[in-house]
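Scroll down for the structure; my scribbles are underneath it.
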Amino acid sequence: QVQLVESGGGLVQPGGSLRLSCAASGSIFRIETMGWYRQAPGKQRESVAIILSTGSTSYVDAVKGRFTISTDTAQKMVYLQMNSLEPEDTAVYYCHALVKERIWSTVTSYWGQGTQVTVSS
């Protein structure tokens, strides 16, 4: 089993910044991808940013130029630096990882419990 624990959410004014962190622990042979998703009230969960084990990144158009995803591979951490936050960024943000638990295992999907980000004046 693998656990993902997020931190860093909160209330911020429009134009402000927040940094989300996610720590992965448990039975991990290799993390294939890590990413951040978000779900606003009444909306479907959407992918925000993904980083592959190669270091390649991708972002949803709405956050390009404002958000940056990064990892600390040794610590099994993923971060999301969010700048120039807008009220439309308000959502619960979830950490996600695709993990091989053993060398012979298939890839398994894991989710964190979510952290609330509220952008409001």
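For clarity, every value in this text was computed on a predicted model and none was experimentally measured.
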Quiz item: Between the side chains of Y37 and Q44, is a donor N or O closer than 3.5 angstrom to an acceptor N or O?
Solution: no
Practice problem: Mind checking the CD1-CD1 spacing from I50 to I69? Nearest 0.5 Å is all I need. | Solution: 7.5 Å
Self-check item: 4.5 Å side-chain heavy-atom contact, M77 and T71
Solution: no
Quiz prompt | Pairwise distance OG(S21) to CD(Q81) - rounded to 0.5 angstrom | solution = 9.5 Å
Quiz item: With a 4.0 Å cut-off, would you call E32 and K100 a salt bridge?
Solution: no
Quiz item: How many angstroms lie between NZ in K76 and CG in L4, if you round to the nearest 0.5 Å?
Solution: 12.5 Å
Quiz item: Does the pair H96 and M34 meet the rule for a side chain to side chain contact (heavy atoms under 4.5 Å, CB included), with working shown?
Solution: CA-CA 6 Å; H96 176 261; M34 295 192 83; over 6 Å; no
Exercise. Flag yes if V119 and V48 sit in one hydrophobic cluster, no otherwise; membership is Ile, Leu, Val, Met, Phe, Trp, Tyr, and two members link when side-chain heavy atoms are under 4.5 Å apart.
Key: yes
Exercise. Determine whether the side chains of R30 and S53 contain a donor N or O and an acceptor N or O closer than 3.5 Å.
Key: no
Quiz prompt | For the student: nearest non-hydrogen atoms of Y59 and T68, plus distance | solution = OH-CA, 3.4 Å
Quiz prompt | Side-chain touch Y93/M82, heavy atoms, less than 4.5 angstrom | solution = yes
Quiz prompt | Intermediate values then yes/no, side chain to side chain contact (heavy atoms under 4.5 Å, CB included), T115 and Y94 | solution = CA-CA 7 Å; T115 185; Y94 296 91; over 6 Å; no
Quiz item: Between the side chain of Q39 and the main-chain N/O of K43, is any donor-acceptor distance below 3.5 Å?
Solution: yes
Quiz prompt | Spatial distance of atom CD (Q13) from atom CG (L11) [nearest 0.5 Å] | solution = 8.0 Å
Exercise. Determine whether L20 and E6 make a side-chain contact, defined as any pair of heavy atoms from C-beta on separated by less than 4.5 Å.
Key: no
Exercise. Establish, yes or no, whether a centroid distance under 6.0 Å links the rings of W36 and F67.
Key: no
Quiz item: Quick one: are P87 and P14 in side-chain contact, heavy atoms under 4.5 Å?
Solution: yes
Quiz item: What is the minimum heavy-atom distance between A62 and R66, and which atoms define it?
Solution: O-NH2, 2.9 Å
Quiz item: Is Y110 close to Q1 at the side-chain level, that is, under 4.5 Å between some pair of heavy atoms?
Solution: yes
Practice problem: For the residue pair L98 and T108, establish whether any side-chain heavy-atom pair is separated by less than 4.5 Å. | Solution: no
Quiz item: Quick one: are V92 and R38 in side-chain contact, heavy atoms under 4.5 Å?
Solution: no
Practice problem: Spell out, yes or no, whether V12 and V63 are grouped together once hydrophobic residues are joined by side-chain heavy atoms under 4.5 Å, including indirect joins. | Solution: yes
Quiz item: How long is the span from the CZ atom in R19 to the CG atom in L80, to the nearest 0.5 Å?
Solution: 10.0 Å
Quiz item: Considering all heavy atoms of both residues, which atom of G8 and which atom of L18 are nearest to each other, and what is their separation?
Solution: O-CD2, 3.8 Å
Quiz item: Do the non-hydrogen side-chain atoms of V2 and S25 ever get within less than 4.5 Å of each other?
Solution: no
Self-check item: Spatial distance of atom CD1 (I51) from atom OG (S70) [nearest 0.5 Å]
Solution: 6.5 Å
